[in-house]
Number of protein chains: 2
Amino acid sequence: MARLTNDRNSCPVSILMNLLSGPWTMYIIWKLSTSGPMRFGALRRQVEGISTKMLTERLRMLEQEGIVHRHYEPTVPPQVTYSLTERAGELVAILDQLNGLAQRWYGDLPDCGAPQAQTEALEETTVLF
Amino acid sequence: MARLTNDRNSCPVSILMNLLSGPWTMYIIWKLSTSGPMRFGALRRQVEGISTKMLTERLRMLEQEGIVHRHYEPTVPPQVTYSLTERAGELVAILDQLNGLAQRWYGDLPDCGAPQAQTEALEETTVLF
DNA sequence: TAAAGTAGGAACCTCAAAGTAACTAGTAGT
DNA sequence: ACTACTAGTTACTTTGAGGTTCCTACTTTA
């Protein structure tokens with residue numbers, strides 16, 4: 001059984017939660033939502049600590065779920081840009097509420113990837129998420 | 001690093017998501033919200049497949065987070081009743097939205113986690129979870 | 001007399017998810 | 001010539017979360 005407890009054969013919420021549960025997943029979505037579309041390498045640098053394997057895996061999954069869009073440019077060193085879909089917008093909206101709740105419950109100490117006012121690509125804040 | 005990626009030292013949403021992410025957790029909350037306060041054994045029978053270890057662990061955690069209330073009655077075979085707190089209400093409200101979203105995305109496969117006819121106690125076997 | 005229910009606690013075990021490292025092709029820079 | 005960057009893929013290794021099993025002490029039921 002293990003982690004397959006709530007799998008495809010379960011109800012919609014389970015599917016959705018399962019999808020969001022994994023490590024990195026929410027963080028990736030949040031980053032894409034706050035910093036906008038990004039190329040693979042940039043994203044990997046933003047989500048510090050993640051391995052290429054994990055990032056690829058998560059992105060593929062999110063793409064398959066229609067949450068992330070993958071734009072492949074077959075230039076000589078290939079350029080792949082990831083962005084959120086409209087679907088993701090609905091999701092982020094709810095996540096935002098969850099964020100509000102969390103802020104109230106656990107105090108508003110580190111603003112998790114600041115909904116606005118991000119200094120785009122760079123930033124070394126270490127307060128992430 | 002593993003699953004400790006988003007731990008206490010992270011932002012509020014991470015804490016909250018982390019807390020909800022684990023297997024069974026959401027399901028337990030949902031059961032308590034739809035079926036009302038329940039004793040340990042009843043809950044274990046409702047959340048079919050869960051081990052006592054897991055159920056205990058999750059309940060302790062949820063209690064610690066102020067989401068679940070534990071009422072201990074020191075009768076001869078002890079009676080322990082679990083119920084949701086007011087905090088939980090706020091959470092369930094948002095979870096409800098997530099549910100709505102999930103229904104739209106993944107179609108409304110009706111009852112989740114009610115694989116068999118449930119005979120336990122009260123409960124209206126509506127669209128739980 | 002034996003089994004079952006009550007609410008767990010403690011010890012041991014397993015396997016799948018996550019991490020690590022090496023590798024790809026083609027180009028640009030030093 | 002030798003790096004490094006691009007966006008990954010593949011194979012190997014590990015570890016810890018969750019499962020399983022046995023235990024409690026007392027009562028009620030068959």
Side-chain angles (χ1 to χ4, degrees), chain A residues 1-8 10 14 17-28 31-32 37-64 68-83 121, chain B residues 1-8 10 14 17-28 31-32 37-64 68-83 119-121:
Chain A
M1 196 171 268
R3 324 215 76 245
L4 303 170
T5 312
N6 309 326
D7 215 357
R8 283 287 159 182
S10 300
S14 289
M17 282 301 293
N18 230 33
L19 187 154
L20 297 174
S21 300
W24 308 112
T25 314
M26 289 247 310
Y27 192 59
I28 292 169
K31 271 297 174 186
L32 283 176
M38 239 180 294
R39 290 181 55 187
F40 187 87
L43 197 51
R44 187 185 48 196
R45 261 168 266 124
Q46 290 268 316
V47 185
E48 54 178 308
I50 198 172
S51 62
T52 65
K53 177 192 167 191
M54 260 297 100
L55 185 52
T56 302
E57 206 174 292
R58 297 293 153 181
L59 285 172
R60 287 286 137 79
M61 188 258 289
L62 289 172
E63 188 196 356
Q64 200 176 329
V68 151
H69 178 69
R70 179 175 189 263
H71 179 70
Y72 180 76
E73 201 78 41
T75 54
V76 161
Q79 295 193 4
V80 182
T81 305
Y82 291 94
S83 55
Chain B
M1 200 173 262
R3 322 213 79 242
L4 302 170
T5 312
N6 310 326
D7 217 357
R8 283 287 159 184
S10 301
S14 289
M17 281 301 293
N18 231 32
L19 187 154
L20 297 174
S21 300
W24 309 111
T25 313
M26 289 245 310
Y27 193 58
I28 292 168
K31 272 293 176 188
L32 283 175
M38 241 180 293
R39 290 179 57 187
F40 186 87
L43 196 51
R44 187 185 47 197
R45 260 167 266 124
Q46 290 269 317
V47 184
E48 54 178 310
I50 197 172
S51 62
T52 65
K53 177 191 167 190
M54 259 298 100
L55 185 53
T56 301
E57 206 175 293
R58 296 295 152 179
L59 284 171
R60 288 284 138 80
M61 187 258 288
L62 290 172
E63 187 195 355
Q64 200 177 329
V68 151
H69 177 69
R70 180 175 188 263
H71 178 70
Y72 178 77
E73 201 77 39
T75 53
V76 160
Q79 293 192 3
V80 182
T81 304
Y82 291 94
S83 55
T119 50
E120 185 72 25

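First the proteins, then the strands, lettered A, B, ... as listed; each starts at 1.
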Asker: I need the CG-P distance between B:Leu55 and C:dG9, as an integer number of Å.
Answerer: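 Nearest whole value for this atom pair: 11 Å.
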
Asker: Applying a 4.0 Å non-hydrogen cut-off, can you work out what B:Thr56 is touching in the nucleic acid: base, sugar-phosphate, or nothing?
Answerer: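 Result for B:Thr56 = sugar-phosphate.
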
Asker: Quickly work out the B:Arg39 CZ to C:dG8 P distance and round it to whole Å.
Answerer: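 For the pair B:Arg39 CZ and C:dG8 P, the rounded distance is 10 Å.
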
Asker: I want to verify a distance call: between D:dT6, D:dT10, D:dG18, whose nearest atom is closest to the B:Pro23 side chain?
Answerer: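 The closest nucleotide is D:dG18.
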
Asker: Rounding to an integer number of Å, can you tell me how far B:Tyr72 OH sits from C:dT6 P?
Answerer: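 Atom OH in B:Tyr72 sits about 15 Å away from atom P in C:dT6.
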
Asker: Out of C:dG26, C:dA11, C:dT6, which nucleotide sits closest to the side chain of B:Lys53?
Answerer: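 Looking only at side-chain atoms, B:Lys53 lies closest to C:dA11.
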
Asker: Between B:Arg60 and C:dG9, is there a side-chain N or O to OP1/OP2 distance below 4.0 Å?
Answerer: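 Yes, because at least one side-chain N or O of B:Arg60 sits under 4.0 Å from OP1 or OP2 of C:dG9.
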
Asker: At 10 degrees resolution, what angle do the end axes of the helix from C:dT1-D:dA30 to C:dT24-D:dA7 form when each is taken over five base pairs?
Answerer: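 Angle reported: 30°, given to the nearest ten degrees.
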
Asker: Any side-chain N or O of B:Arg70 under 4.0 Å from OP1/OP2 of C:dA7?
Answerer: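 No.
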
Asker: State whether B:Trp24 places a side-chain N or O below 4.0 Å from either non-bridging phosphate oxygen (OP1 or OP2) of D:dA17.
Answerer: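 False: B:Trp24 side-chain N/O out of range (4.0 Å or more) of D:dA17 OP1/OP2.
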
Asker: Think B:Arg45 has a side-chain N or O under 4.0 angstrom from the OP1 or OP2 of C:dT6?
Answerer: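 Affirmative; the distance criterion is met.
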
Asker: Quick check on D:dG8: is either OP1 or OP2 less than 4.0 Å from any side-chain nitrogen or oxygen of A:Tyr82?
Answerer: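 Answer yes for this pair, as a side-chain N or O of A:Tyr82 is under 4.0 Å from OP1 or OP2.
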
Asker: Taking CD1 from A:Ile50 and C1' from C:dG19, how many angstroms apart are they, rounded to a whole number?
Answerer: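 Rounded to the whole Å, the gap is 11 Å.
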
Asker: Which nucleotide wins on minimum distance to the side chain of A:Glu57, given the candidates C:dA18, C:dA7, C:dT6?
Answerer: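 In terms of side-chain proximity for A:Glu57, the closest of C:dA18, C:dA7, C:dT6 is C:dA18.
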
Asker: I want to check something: taking the side chain as every heavy atom from C-beta on, are B:Thr56 and B:Phe40 in contact at a cut-off of under 4.5 Å?
Answerer: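 Side-chain contact under 4.5 Å: yes.
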
Asker: Given C:dA7, C:dG8, D:dG18, identify the nucleotide with an atom nearest to the side chain of B:Thr52.
Answerer: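 Selected nucleotide: C:dG8.
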
